[in-house]
There are 2 protein chains.
Amino acid sequence: MHEKERHRIIISAVQDRPVVTVGDLCTLTGVSEATIRRDISTLHMKQKVRRVRGGAEAITPPQFAGLAGRPFVVNETMNIAAKQAIARAAVEMCSEGDSIIINGGTTTFQMVHPLANRRMQVFTNSFPIAEHLLKHSKNTIMLSGGAIYREQNIILSPFDNDVTRNFYAKRMFMGAQGLGPIGLMEADPLLIQAEQKLIGQADELVVLVDSSKFAQRSSLVLCQLDRITTVITDEGIPDKAAAMIEAAGVNLIVAQSGSVQENEVAS
Amino acid sequence: MHEKERHRIIISAVQDRPVVTVGDLCTLTGVSEATIRRDISTLHMKQKVRRVRGGAEAITPPQFAGLAGRPFVVNETMNIAAKQAIARAAVEMCSEGDSIIINGGTTTFQMVHPLANRRMQVFTNSFPIAEHLLKHSKNTIMLSGGAIYREQNIILSPFDNDVTRNFYAKRMFMGAQGLGPIGLMEADPLLIQAEQKLIGQADELVVLVDSSKFAQRSSLVLCQLDRITTVITDEGIPDKAAAMIEAAGVNLIVAQSGSVQENEVAS
DNA sequence: AATCAATTTCGATCATTTTCAATCATTCGG
DNA sequence: CCGAATGATTGAAAATGATCGAAATTGATT
């Protein structure tokens, strides 16, 4: 077995498991411990693996624990105020007891706080949203089934999910990557897939986008403008975009991020 | 067991209970108390856990206000050692990369800690299990869809769930309320429903019951003995029960909760 | 409430085992 | 034959487990 081959094996092995021992790699490659140690040493120099006592581990810090499943990675501190105002306006559209669908995303996640006092039926494909509502509210939570995608923080199934198909709601709330004359745009194909499974399960489609999204362009178009019932955004929306939305016959709600709205509870 | 692995297990363990004792961690990892203390000490330095007398606790204050969605409230501090030993034996049945199904329950929940070091495919109907594994392991998590029942902490759908139906696994692990000559018994109809949806999706059915369960009787029979492949229990099992199980042609594994471990081989 | 005894837990130390790094001999390919 | 890579050996370093006295907790009694 050649050196390069062993290196590939070692790099591949540390991906699969948190740590690989020298002994493991010996049986895996069939060479002596001394050689494995030399390999680990050179790979450590090349920053390909991290050398630890007893073997090697992946270079990625073992802090993944906070990364996945957490609400959202250091939650885009930008626009957080606008997102919260938008989310609050979205929740205010709903009455007690309503059934709604919330598609996963950083903006829609902000809905969990105003939802804390409600008692509604919430269907979502977002693990963090379900988790938060489960722990901090009395809403009924329904979850779509499937694999949990750590990066996007959504649950998605390659199969048709009858739970999804049988759940009908008054409104579906979703975010997006961009919103333009072409329609609603998304960047991640996985998100597209998730969203398209849910669209059509609700009477109204409500889109939550902060005003920066009107400048964004993305290659993937999710649906056309006239499929949208309502757009909720913040005060920064350009006049042109507002005109475009209203021209398409879509309701436009501009959430006041600054101060007074109705009464509010901080959760 | 490697140092890093132990650290992961410790970090994982402090998540679901206010404090973990040194003894718990010993049985969980199979090393001596001295080593556990040293580990806690280093993790304390790294701000990963807080060191307290008797063991360790999570660095985050016990702010968990939500009553539901919590792993399992104060549920049975009793038998916790036996349950952990049983769960550990269950995980040791599996190899890296295996696909398994874990049915929700207090005993099966203990499988999350030994699973922290694994990279397997885990399908579950338990929100707490999914949450823990998502945050503290690199396993692939698949979740069944449906409503989240707060009391039982499981996800259940009134509809047929194609995700469930399409997921096939080598083994399914489940707990139970009781195990007698009549078969496997459960107390809650909701759990029966959830379990019956999953049985049949795996080649082997492994039942995790601590020895107190052999005395329990319940009105609802889930399945007959011969449907079970393996029973894992603790040393307290009555001879009569052991005879009954083996007479039915079911494998019986008695997990040693206290001390002795066999040698262990990764991979 | 205060004190004392009994139990548990901790920290330090030391012996044992495991792992490492350096050295040297051997093999392999040119 | 040379040089690079590998394997083996050995003393050093590190990790682990066990032991024991000290400190803390518990709870029982006065």
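Proteins come first, then strands; the chains are lettered A, B, ... in the order of their sequence lines, and each starts at number 1.
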Looking at A/H132 versus A/H113, is the centre-to-centre ring distance below 6.0 Å?
yes

So, OP1 or OP2 of D/dG7: does either fall under 4.0 Å of a side-chain N or O from A/T35?
yes

Does a side-chain N or O from B/R51 land closer than 4.0 Å to OP1 or OP2 of C/dG11, or not?
yes

I need the CE-P distance between B/M1 and C/dT18, as an integer number of Å.
16 Å

Rounding to an integer number of Å, can you tell me how far A/E33 CD sits from D/dG7 C1'?
11 Å

In whole Å, I'd like the distance from the NE2 atom of B/H44 to the C1' atom of C/dC10.
14 Å

Would the B/Y168 and B/F123 ring centres measure less than 6.0 Å apart?
no

Closest to the A/E3 side chain, choosing from C/dT8, D/dT6, D/dG7:
D/dT6

Is the side chain of A/N139 donor-acceptor paired with the backbone N or O of A/I141 at a distance under 3.5 Å, no angle test?
no

With heavy atoms under 4.0 Å as the rule, sort A/G23 into base, sugar-phosphate or nothing.
nothing

For a 4.5 angstrom cut-off between non-hydrogen side-chain atoms, does B/N103 reach B/M172?
yes

Between B/A34 and B/T21, which has a closest nucleotide on DNA chain C that is more 5'?
B/T21

Hey, does the side-chain of A/R38 have a donor or acceptor N/O within less than 3.5 Å of a partner on the base of D/dG7?
yes

Measure CD1/A/I36 against P/C/dC20 and give the value in whole Å, please.
11 Å

Distance test, side-chain N/O of A/R37 to OP1/OP2 of C/dC20, below 4.0 Å:
yes

